[in-house]
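To start, the structure under review is shown below, and the notes come after it.
Naming: A, B, ... by sequence-line order, numbering from 1 per chain.
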There are 2 protein chains.
Amino acid sequence: MGLLDFIASYNLQEISFAAKTIILQEGNKAKYIYFVKKGCLRMWLNNRDTDITTQFFFEGSAIASLESLLKDEASDYTIETIEACSLFVMSRQDFLFFKETDESFKIWLDGIILERFFYYSKHLVSYLRTKPYERYIELLHKHPEILQRIPQHYIASYLGITPVSLSRIRSRK
Amino acid sequence: MGLLDFIASYNLQEISFAAKTIILQEGNKAKYIYFVKKGCLRMWLNNRDTDITTQFFFEGSAIASLESLLKDEASDYTIETIEACSLFVMSRQDFLFFKETDESFKIWLDGIILERFFYYSKHLVSYLRTKPYERYIELLHKHPEILQRIPQHYIASYLGITPVSLSRIRSRK
DNA sequence: GATGAAAGATAACAATTGATAAGAAATACC
DNA sequence: GGTATTTCTTATCAATTGTTATCTTTCATC
């Protein structure tokens with residue numbers, strides 16, 4: 001059973017967002033957790049002039065600043081739609097309520113946190129292990145769908161390099 | 001209450017290890033979770049010739065390959081003592097038993113996972129945000145105790161650079 | 001204290017990336 | 001369809017890091 005089936009029983013409101021809409025601004029507290037029905041988004045954080053993309057989200061995934069949502073702190077991250085999106089929305093209040101009262105929701109949430117943790121570990125390791133060129137090749141093989149769907153300068157931001165450098169790498173083959 | 005107080009009630013066996021002892025080898029399944037009473041350790045993974053240190057552990061912290069322990073998979077990581085260590089040991093069997101039956105243990109574990117998740121997020125962000133030189137300066141300010149206690153080539157391995165490069169960076173001031 | 005091994009410093013060269021700029025290509029919008 | 005904006009490419013130069021090698025210093029062990 002996919003995530004969207006799972007959350008179907010929660011009767012969440014579905015909202016449409018235009019492309020390039022910021023749904024959580026860095027510095028604000030997360031008020032919602034979203035579930036992606038259609039479209040894709042990115043989570044990024046500001047670094048002086050350039051932004052750094054930490055993760056892409058596609059259909060069937062949950063997206064929220066978990067740290068902000070759980071700790072009620074200002075988010076370090078901005079969440080922004082890349083394409084026009086259709087999202088299911090759950091308020092923080094409901095989120096916390098379900099977390100405490102709904103055993104299957106709690107189990108699901110623990111799973112999400114664990115999954116994210118493993119994802120970040122692997123992502124970090126990939127940074128430690130490989131150079132930008134190799135990271136690009138790795139991404140090309142493991143997630144070609146990301147490269148096809150996501151504009152190149154976001155990919156560069158995700159790989160931790162400049163768009164110029166990524167363009168150079170691509171032309172190197 | 002610190003971690004060592006918390007786990008005191010579990011009557012764990014205390015074992016001493018010499019410096020540079022490998023207590024979990026990459027490729028093996030984690031059979032234990034350890035709690036550091038005295039000494040320090042590092043978690044690292046192999047990358048061709050050089051190893052990459054992902055985290056240091058000091059007195060009062062728990063150390064295990066959580067992914068291996070929870071999923072019963074071969075560990076990607078090696079755990080090795082840096083100094084001579086005195087560790088409390090809990091078997092995987094007991095770990096899983098307490099996780100299922102002991103509510104306060106489960107809460108503690110969830111906290112550890114969340115904490116590690118946030119740690120990895122921040123560590124990753126620091127990699128994306130800064131260059132080796134800046135990462136070194138950041139470490140110097142935030143965790144001077146690490147620099148004082150840990151041999152320099154492990155620091156280099158942790159910063160994602162070669163020992164030569166770190167030595168150069170240090171002489172740059 | 002002597003000896004050998006491990007760790008750190010320094011130097012030279014190659015390779016990669018960042019910064020900046022300018023132009024081409026693609027896309028959005030009226 | 002035309003215009004403007006955004007995205008991507010290419011080029012040049014400076015700065016940083018990796019690699020390799022050699023030398024010095026520190027540390028462990030007998």
Side-chain angles (χ1 to χ4, degrees), chain A residues 16-22 39-40 42 44 46-53 56 80-85 126-140 146-173, chain B residues 16-22 39-42 44 46-53 56 80-85 126-140 144 146-173:
Chain A
S16 294
F17 295 91
K20 293 192 189 179
T21 304
I22 288 175
C40 65
R42 70 188 185 113
W44 57 273
N46 204 275
N47 185 38
R48 296 159 203 171
D49 299 335
T50 58
D51 53 16
I52 293 165
T53 301
F56 296 112
E80 183 183 13
T81 62
I82 295 175
E83 305 171 354
C85 285
S126 140
Y127 265 85
L128 291 164
R129 272 205 163 121
T130 62
K131 300 178 179 190
Y133 172 73
E134 300 169 286
R135 282 203 293 282
Y136 171 73
I137 298 296
E138 194 178 311
L139 188 64
L140 187 65
I146 291 185
L147 291 172
Q148 283 164 2
R149 194 165 171 183
I150 307 284
Q152 194 169 308
H153 64 292
Y154 293 148
I155 304 283
S157 152
Y158 176 76
L159 291 173
I161 56 178
T162 60
V164 174
S165 186
L166 178 55
S167 178
R168 219 165 14 196
I169 284 172
R170 280 164 49 85
S171 70
R172 203 186 290 169
K173 286 186 284 195
Chain B
S16 293
F17 296 91
K20 294 192 190 180
T21 304
I22 288 175
C40 64
L41 307 90
R42 70 186 184 114
W44 57 273
N46 203 276
N47 185 38
R48 295 159 204 171
D49 300 335
T50 58
D51 53 14
I52 294 164
T53 300
F56 297 112
E80 183 182 12
T81 62
I82 294 175
E83 305 172 353
C85 285
S126 140
Y127 265 84
L128 291 165
R129 271 207 164 121
T130 62
K131 301 178 180 189
Y133 172 72
E134 299 168 286
R135 281 203 293 281
Y136 171 73
I137 298 296
E138 194 180 312
L139 188 65
L140 187 65
I146 290 184
L147 291 171
Q148 283 164 3
R149 193 164 171 185
I150 307 284
Q152 194 169 309
H153 64 293
Y154 294 148
I155 304 282
S157 152
Y158 177 75
L159 290 173
I161 56 178
T162 60
V164 174
S165 187
L166 178 57
S167 177
R168 219 163 14 195
I169 284 171
R170 280 164 50 85
S171 69
R172 202 185 289 169
K173 286 185 287 193

N/O (side chain, [X]) to phosphate O (OP1/OP2, [N]) under 4.0 Å:
X: A/His153; N: D/dT6; answer: no
X: B/Arg170; N: C/dG8; answer: no
X: B/Lys20; N: C/dA7; answer: yes
X: A/Gln152; N: D/dT9; answer: yes

Note to self: Using modelled atom types and a 3.5 Å cut-off, is there a donor and acceptor pairing between side-chain atoms of A/Thr53 and backbone atoms of A/Ser157?
What the structure shows: no
Next item on the list: May I ask you to decide if A/Thr81's main-chain N or O and A/Thr21's side chain share a donor-acceptor pair within less than 3.5 Å?
Entry: no
Notebook entry, point to check: Shortest non-hydrogen contact from B/Gly39 to B/Glu83?
Noted result: CA-OE1, 3.6 Å
Check: Where is the tightest heavy-atom contact between A/Tyr127 and A/Tyr158, given as atom of each residue plus distance?
Finding: OH-O, 2.5 Å
Notebook entry, point to check: Along nucleotides 14-30 of chain D, 5' to 3', which nucleotides get a B, which get an S, and which get a -, given that the test is a protein heavy-atom distance under 4.0 Å?
Noted result: ---BBBB----------
Notebook entry, point to check: With a 4.0 Å cut-off on heavy atoms, is A/Pro151 in touch with a base, just the backbone sugar-phosphate, or nothing at all?
Noted result: sugar-phosphate
Write out a two-atom table: protein N or O, nucleotide N or O from nucleotides 24-30 of chain C, distance below 3.5 Å.
none

Notebook entry, point to check: Please give, in whole Å, the distance from C/dG8 C1' to B/Leu147 CG?
Noted result: 15 Å
Next item on the list: For the residue pair A/Arg135 and A/Pro132, establish whether any side-chain heavy-atom pair is separated by less than 4.5 Å.
Entry: yes
